[in-house]
Protein chains: 2
Amino acid sequence: MTPASAETCATALHADLGWALGTVFRAYLKASDAVVADLPGGHRGYQILTTAARAVPATQLSIAQHLGVDRTVMTYLLDDLAGAGLIERRADPADRRARHIVATDQGRSALADLSRRLGEVEEHVLVCLDADERTALRGLLRRLALHADARDPVADPCQLVADTAAPTRPTPRRRGRAR
Amino acid sequence: MTPASAETCATALHADLGWALGTVFRAYLKASDAVVADLPGGHRGYQILTTAARAVPATQLSIAQHLGVDRTVMTYLLDDLAGAGLIERRADPADRRARHIVATDQGRSALADLSRRLGEVEEHVLVCLDADERTALRGLLRRLALHADARDPVADPCQLVADTAAPTRPTPRRRGRAR
DNA sequence: TATTGTTATACTCTATAACTATA
DNA sequence: TATAGTTATAGAGTATAACAATA
């Protein structure tokens, strides 16, 4: 076991927002895995269920987009949730191509239980922050998420990095056999 | 196009820390994709490079653990980074099983360029927050990430959800053919 | 015997393409 | 013609298992 481990690596990356986001996100997923383990679709199943329990029904496509899921994957996820009796697909009277996703009574009661337990997990993930800091973080993340959700196109970053003078070489992203 | 879209769905999920984290993380990945597109390993390649550029060298395994990557995947990632001339594997004099990962000169100059451009992307992702809020968010996320990084085992959540009275049914997590 | 790193393989997950039905 | 949803399939990504070298 080399001495160069935890805090060394951490300090190296502490300025990287991407690393912090990824690490916290992974920690959340890991901490909440047990709660959603028996739910079809896991974490995404829970988020679908949350959307489906709302008063105003959303279509498969709109849910997929706002959850960052491909629409073909959404089909499978909904198949499983419907198979478990948690959601239903209903024809959109205004557009017979689309389906409204609504939670069943069973889905709502499952959601209530899951929400309570995930709330506990969230607090546990934030355990090293005090009450004010937790509120602040939740608020900031929520604003960022809503902002990102609103303007999905993400046009600007393309301009930001328009001067893409390849920093290394145009490696085709896939591993090479060499050693 | 149904009226139930963006803000409807968003309000439904705004209380969910997991959704916010995932959405912001995806937004970051999307915004920074172009910057790391030509770097072997993409985002993870960048984080490995950051670690490799530090004064105190880290081993493959320690990097893998702190980046949430399987050690077998780390081998491939390092193969590509080494193939591009950005990092080197050096024998750990204290333990000849382990390899120290160090950045080459080329790797350091590539890292400098990438860091600058990723910094711009980060600011762009945080564009809807003012300066104080950005600092606050970075600080809070950093503390959470360091905390999660320090105690990887994540023992507590298992106790938190010890009373796992399956909320739905023990679905084997995989999709069923039924419709 | 346990651990680091490597390799091959099997597996999971995702996305592409093609199709149906609506608009 | 374009869009919502479905399906099959190919492809990317991941992890398991087995191995070699070292502790």
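Proteins come first, then strands; the chains are lettered A, B, ... in the order of their sequence lines, and each starts at number 1.
Judged by closest nucleotide on DNA chain C, Leu78(B) is the one of Gly68(A) and Leu78(B) placed further toward the 5' end.
Judged by distance alone, the side chain of Thr23(B) and the main-chain N or O of Ala20(B) form no donor-acceptor pair under 3.5 Å.
Distance Arg89(B) CZ to dT4(C) C1': 12 Å, rounded to the nearest Å. Distance, Leu29(A) CG to dT14(D) P: 14 Å, rounded to whole Å. With rounding to whole Å, Gln60(A) atom CD is found 17 Å from dT3(D) atom P. Atom CG in Leu61(B) sits about 5 Å away from atom P in dT4(C), given to the nearest Å. In this entry the distance linking OH of Tyr76(B) with P of dG5(C) reads 15 Å, nearest Å.
Between the side chains of Gln65(B) and Arg71(B), no donor-acceptor pair of N or O atoms lies under 3.5 Å. A donor and an acceptor atom, one from each side chain of Ser115(A) and Tyr46(A), are located under 3.5 Å apart. Donor-acceptor pairing under 3.5 Å is lacking for the side chains of His100(A) and Thr59(A).
Residues Asp80(A) and Pro40(A) share a closest heavy-atom pair of CB-CB, 3.6 Å.
Residues meeting the salt bridge (charged side-chain N to carboxylate O under 4.0 Å, His left out) test with Arg143(A), sequence neighbours left out: Glu133(B).
Of the candidate nucleotides dT14(D), dT14(C), dT6(C), dT14(D) has the atom lying nearest to any side-chain atom of Val73(B).
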Strictly under 3.5 Å: I want the nitrogen or oxygen pairs between protein and nucleotides 16-23 of chain C, one per line.
unit_1: dT16(C); atom_1: O4; unit_2: Thr72(A); atom_2: OG1; d: 3.3
unit_1: dA23(C); atom_1: OP1; unit_2: Arg96(A); atom_2: N; d: 3.0

